[in-house]
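Heads up: the structure comes next, in C-alpha cells.
In this text the structure is predicted, and so the values were computed from the model without any measurement.
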Amino acid sequence: MKKLCIKLIAVLGLSLSSIGTVSADCILTGYAVRVSVFPSGTQIFFRPRHSSPYHYRGVTADAEVSQAMFQALKGKTKILVISDAASCPAVGGAGEKFIGVIKVVGLGY
C-alpha cells in the first residue's frame, strides 16, 4: 500500500508540475465493478456512481494496480484512477468507455 501511495504521489506530481509540457492523463473517480485477470494483463471495470448506466474499462499489467482494484472491489471503496488516455471519455450515455492503460489506482477518494 505504501508503494501505491508513493506511486500515486509521483504520478500526480509529474502530471501537475511538469514545466513546459501538457500531461495527457485521464483522471477519474468511481467504484470498482469487476476485475478480470488474463495471462496478458488485467481488465478493470468501474462506474462513476453505483447507479450509472455506463462504465469505464481500462487495462494494466501492473500487479500493484490490479491488487488495489481487488481491494476496492472487496471493500466497495471509492477509487481514483489515472490512465494514459489522451483525454477522458465524454460523460453520459450508456455502455462501455475505454480509458486505455491504467497507471495508478488510489483507494478512498
Side-chain angles (χ1 to χ4, degrees):
M1 187 66 173
K2 185 176 180 181
K3 282 185 182 179
L4 184 62
C5 289
I6 291 169
K7 193 173 182 180
L8 176 63
I9 290 168
V11 170
L12 282 175
L14 288 173
S15 296
L16 299 176
S17 67
S18 296
I19 298 172
T21 61
V22 177
S23 177
D25 293 338
C26 173
I27 301 172
L28 299 164
T29 58
Y31 296 90
V33 175
R34 185 173 75 221
V35 180
S36 300
V37 179
F38 300 97
S40 60
T42 303
Q43 288 194 23
I44 295 168
F45 302 83
F46 68 100
R47 296 181 190 275
R49 292 178 308 281
H50 292 294
S51 60
S52 296
Y54 63 94
H55 65 272
Y56 297 109
R57 178 178 63 91
V59 296
T60 188
D62 187 325
E64 289 181 10
V65 170
S66 297
Q67 184 61 34
M69 281 302 288
F70 278 116
Q71 288 176 344
L73 187 61
K74 181 179 177 184
K76 298 183 179 167
T77 307
K78 191 167 186 177
I79 56 173
L80 172 97
V81 175
I82 301 175
S83 77
D84 70 350
S87 63
C88 292
V91 175
E96 180 176 283
K97 299 174 184 297
F98 184 67
I99 60 168
V101 176
I102 295 176
K103 301 188 292 186
V104 176
V105 170
L107 303 175
Y109 284 85

Donor-acceptor contact present, side-chain Asp84 to main-chain Gly100, <3.5 Å: no
Heavy-atom closest contact (Gly58 atom, Phe98 atom, distance): CA-CE1, 4.3 Å
Phe70 side chain near Val37 side chain, heavy-atom distance below 4.5 Å: yes
Minimum heavy-atom distance Pro48-Tyr54, with the two atoms named: CG-OH, 3.4 Å
Gap between atom CD1 of Ile99 and atom CD1 of Ile82 - 0.5 Å precision: 10.5 Å
Cluster overlap Leu107 with Leu28, hydrophobic side-chain contacts below 4.5 Å: yes
For Cys26 against Pro89, the heavy-atom pair lying closest together: SG-CD, 4.2 Å
Distance (rounded to the nearest 0.5 Å) between His55 NE2 and Phe45 CZ: 5.5 Å
Heavy-atom check, side chain of Val81 versus side chain of Tyr56, under 4.5 Å: no
Matching residue for Met69 among Thr60, Ile79, Val33 - test: side-chain contact (heavy atoms from CB on, under 4.5 Å): Ile79
Inter-residue atom distance Ser52.OG - Lys97.NZ, 0.5 Å rounding: 10.5 Å
Pairwise distance CZ(Arg47) to OG1(Thr29) - rounded to 0.5 angstrom: 14.5 Å
Thr77 side chain to Leu73 backbone, donor-acceptor under 3.5 Å: no
Close side-chain approach of Phe38 and Val59, heavy atoms under 4.5 Å: no
